[in-house]
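Order of the sequence lines fixes the chain letters, A, B, ..., with proteins taken first and strands second; residue numbering starts at 1 for each chain. These numbers come from the heavy atoms of this one structure, side chains and all, not from hydrogens, waters or symmetry mates.
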2 protein chains.
Amino acid sequence: MNLKQLSEHLNLSQTTVSRALNGYPEVSETTRQRVAEAAQRMNYSPNARARGLATGRALAIGHVIPVSSKHEMVNPIFGDYVSGAGETYSKAGYDMVLTLVDDATEAETYRTIKSRGNVDGIIVHGPKIDDPRIPLLLDLDLPFVVHGRSSRTTGDYAWVDINNRRAFERATRYLLELRHTRIALLNGLEDMDFAYRRRIGYGNALAEAGIAPDPALMRSAEMTEVYGYRSAREMLAMANPPTAFLVSSMISALGVQRALVDAGLKMGRDISVITHDDDLSYLKNGLDVPIFTATRSSVREAGVRSAQLLLDIIHQRASARTQLLEAELIIGTSTGPAPKD
Amino acid sequence: MNLKQLSEHLNLSQTTVSRALNGYPEVSETTRQRVAEAAQRMNYSPNARARGLATGRALAIGHVIPVSSKHEMVNPIFGDYVSGAGETYSKAGYDMVLTLVDDATEAETYRTIKSRGNVDGIIVHGPKIDDPRIPLLLDLDLPFVVHGRSSRTTGDYAWVDINNRRAFERATRYLLELRHTRIALLNGLEDMDFAYRRRIGYGNALAEAGIAPDPALMRSAEMTEVYGYRSAREMLAMANPPTAFLVSSMISALGVQRALVDAGLKMGRDISVITHDDDLSYLKNGLDVPIFTATRSSVREAGVRSAQLLLDIIHQRASARTQLLEAELIIGTSTGPAPKD
DNA sequence: CGCGCCAGTCAAAGCGCTTTGGCATTTGAA
DNA sequence: TTCAAATGCCAAAGCGCTTTGACTGGCGCG
């Protein structure tokens with residue numbers, strides 16, 4: 001069923017049917033009713049490609065996911081983020097197009113996306129410090145929103161990010177108030193912008209307290225469960241072990257927890273743990289009482305916000321082009337005063 | 001840059017340029033070279049919508065994700081699955097289109113997808129027992145592959161699934177061989193086909209051993225960490241507690257583990273745990289020695305396979321339309337002989 | 001020499017839609 | 001009553017591509 005058939009069936013021109021369905025005023029209300037009813041009944045919906053060709057808009061948003069050949073981990077937050085974004089697109093009648101791309105050929109990919117024209121804008125994932133994609137995209141004149149930010153990048157671009165620095169500053173301060181002085185940082189990969197900012201926050205708080213950061217207590221890697229386990233295990237075996245862990249992800253925090261159990265240590269009493277909590281749907285931080293003291297910020301919410309911002313930009317009704325979300329510090333049972341020695 | 005401009009620039013017709021780029025034989029080799037070089041240099045790539053309109057093919061695959069308003073959990077396996085599928089599409093030059101859809105309006109959605117024509121085929125996620133989507137899609141004449149299967153559905157449809165029944169049969173048998181008789185099943189939602197089959201497998205193995213299933217030991221819910229924790233906690237408080245847990249997901253198994261720690265029980269000695277392990281990239285089951293004894297099957301691999309199968313079907317070169325993958329039973333440290341009482 | 005044939009190219013139609021620019025017919029104000 | 005302004009509809013162009021069908025000029029063959 002296409003427009004032509006539908007219009008013939010109704011004894012109307014394609015023009016009129018099209019206008020009727022798209023809510024143009026030059027159609028009488030009775031005709032509009034008749035058209036709408038027939039379209040419904042015959043299950044007509046316009047061909048997206050033809051419409052796109054005619055209007056120049058694709059009604060789709062692209063998400064380019066860099067898939068590094070080196071570390072082929074899929075980010076566990078991906079599902080929740082996409083669910084938030086996707087819901088927003090759905091409401092606006094947009095599709096979501098995912099493109100997995102080897103990070104080697106990325107630049108070319110963005111050019112291709114632009115000239116293939118099957119999306120109206122894109123979301124940039126996993127920005128790094130001084131990320132080359134941002135100047136490239138600014139240059140390409142393709143609307144985009146960065147999920148996160150990129151330090152040291154010049155240029156005015158749109159982003160939605162959480163205040164990673166502040167979150168980790170507060171978390172570190174909290175541990176310091178509990179009289180911890182040897183605080184380990186299990187961070188994400190520090191070429192990623194979010195991890196970089198978290199380390200700054202951690203460093204700031206330590207500096208305020210006059211404590212020099214100890215490289216032996218700072219790690220940076222992909223945030224797997226095993227990473228948390230192994231790091232905690234090794235650090236606990238040190239001559240002068242940490243009394244607290246600040247961890248960049250719940251998954252890794254679970255690994256830390258496992259190492260503590262192995263070592264016969266009780267979390268919250270012998271050792272304190274704070275983690276960042278993305279509020280993932282399948283990995284809630286306890287029910288009423290949080291298990292982990294955590295800096296919490298819903299990544300699903302970030303998905304909603306960045307999608308909405310991009311749509312607003314495309315429709316030229318965005319007021320502000322950046323959004324900085326604050327993470328809340330929630331107190332769970334995983335932290336307590338530093339043990340006296 | 002479009003075809004017209006490119007062809008004018010080369011002093012050739014659009015026809016010739018198009019044919020040159022698409023590898024048709026009626027173009028001289030020298031011309032082809034010249035065209036290819038110019039296209040490269042001027043960063044031309046054909047407009048996907050126009051091409052699609054002309055060829056009738058979209059070069060895109062749709063993934064329809066039912067988002068239940070009831071339980072709005074995002075499946076943690078989603079990321080890995082999509083990564084496998086996406087990589088396969090990439091290689092074949094296909095895009096991946098995600099549509100999140102409220103499960104109330106699903107039927108209509110598939111119709112719309114078909115008539116909007118922006119995908120060449122779709123992958124069906126999360127099939128339930130007797131899933132109405134399958135007859136609908138068969139009727140619509142839109143190529144599709146189901147990730148999983150649907151029991152009691154008639155009709156010949158394509159699917160890629162793991163042998164859930166067999167996996168849980170083997171796991172249960174293994175526990176029985178270790179002399180466990182009170183084996184708890186923490187299953188996924190049993191209107192989902194995979195969970196239904198797992199329960200059958202569990203039941204079969206118990207039946208072989210002449211053990212009647214105890215409803216107090218069987219649960220079915222969304223597979224969160226908290227579900228595992230709470231279920232284990234409650235069951236361990238029973239008058240006649242289980243000595244082993246068979247769990248449908250690593251995430252929930254982590255919850256079970258937490259409950260065991262709380263109860264001062266050592267996993268593998270006091271209590272045995274077997275879980276299904278989707279081999280998620282961010283949640284590896286230990287490093288050299290698996291933590292959990294597990295039925296393992298990579299969901300990423302399933303993504304690759306189902307994507308490939310769908311592409312093969314679309315290109316009419318699929319030999320078999322179904323693939324049943326076996327899960328391996330890997331032995332970790334979470335299982336041991338049932339404690340004598 | 002004339003014919004058919006092939007290689008290489010092109011003009012034009014068509015994919016299904018939107019949108020421009022009319023063209024009747026009706027309405028309302030002068 | 002008259003005429004401008006709405007109102008309601010339509011034909012046709014155009015979006016950027018592929019593909020059909022036709023047209024050249026050069027070549028081999030009888």
Which whole-number value in Å describes the distance from [X] [atom1] to [N] [atom2]?
X: A:L3; N: C:dT19; atom1: CG; atom2: C1'; value: 13 Å
X: B:Y24; N: C:dT9; atom1: OH; atom2: C1'; value: 16 Å
X: B:L12; N: C:dA11; atom1: CG; atom2: C1'; value: 14 Å

Exercise. Through what angle, rounded to 10 degrees, does the axis of the helix from C:dC1-D:dG30 to C:dA30-D:dT1 turn between its ends, using five pairs per end?
Worked result: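 It comes to 50° between the two terminal axes.
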For this session: Output every pair passing salt bridge (charged side-chain N to carboxylate O under 4.0 Å, His left out) with a member in residues 143-158 of chain A, not counting sequence neighbours, ordered by first then second residue.
Result: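 Counting only pairs at least two positions apart or across chains, the salt bridge (charged side-chain N to carboxylate O under 4.0 Å, His left out) contacts touching residues 143-158 of chain A are A:R149-A:D161, A:D156-A:R321.
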With a 4.0 Å cut-off on heavy atoms, is [X] in touch with a base, just the backbone sugar-phosphate, or nothing at all?
X: A:T55; value: sugar-phosphate
X: A:R19; value: base
X: A:S28; value: sugar-phosphate

For this session: Tell me which of A:Q14 and B:V17 sits closer to the 5' end of DNA chain C, going by the nucleotide each one is nearest to.
Result: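 First, find each residue's nearest nucleotide; the 5'-ward one identifies B:V17.
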Problem set entry | Whichever of B:E26 and B:N2 has its nearest DNA chain D nucleotide further upstream toward 5' |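 Mapping each residue to its closest nucleotide by heavy atoms, the 5'-most match is B:N2.
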For this session: Scan B:Y81, B:Y157, B:W159 and name whichever one has a ring-ring contact (aromatic ring centres under 6.0 Å, His included) with B:H147.
Result: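 That would be B:Y81; it is the only one of B:Y81, B:Y157, B:W159 passing the ring-ring contact (aromatic ring centres under 6.0 Å, His included) with B:H147.
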For this session: Determine: side-chain N/O of B:T15 to OP1/OP2 of C:dC10, distance under 4.0 Å, yes or no.
Result: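 No.
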Exercise. With ring centroids as reference points, do A:Y89 and A:H63 lie under 6.0 angstrom apart?
Worked result: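 Under 6.0 Å, so yes.
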For this session: Check every nucleotide of DNA chain D for an atom under 4.0 Å from a heavy-atom of chain B, then give the first and the last such nucleotide from 5' to 3'.
Result: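 So the contact region on DNA chain D extends D:dG16 to D:dT20.
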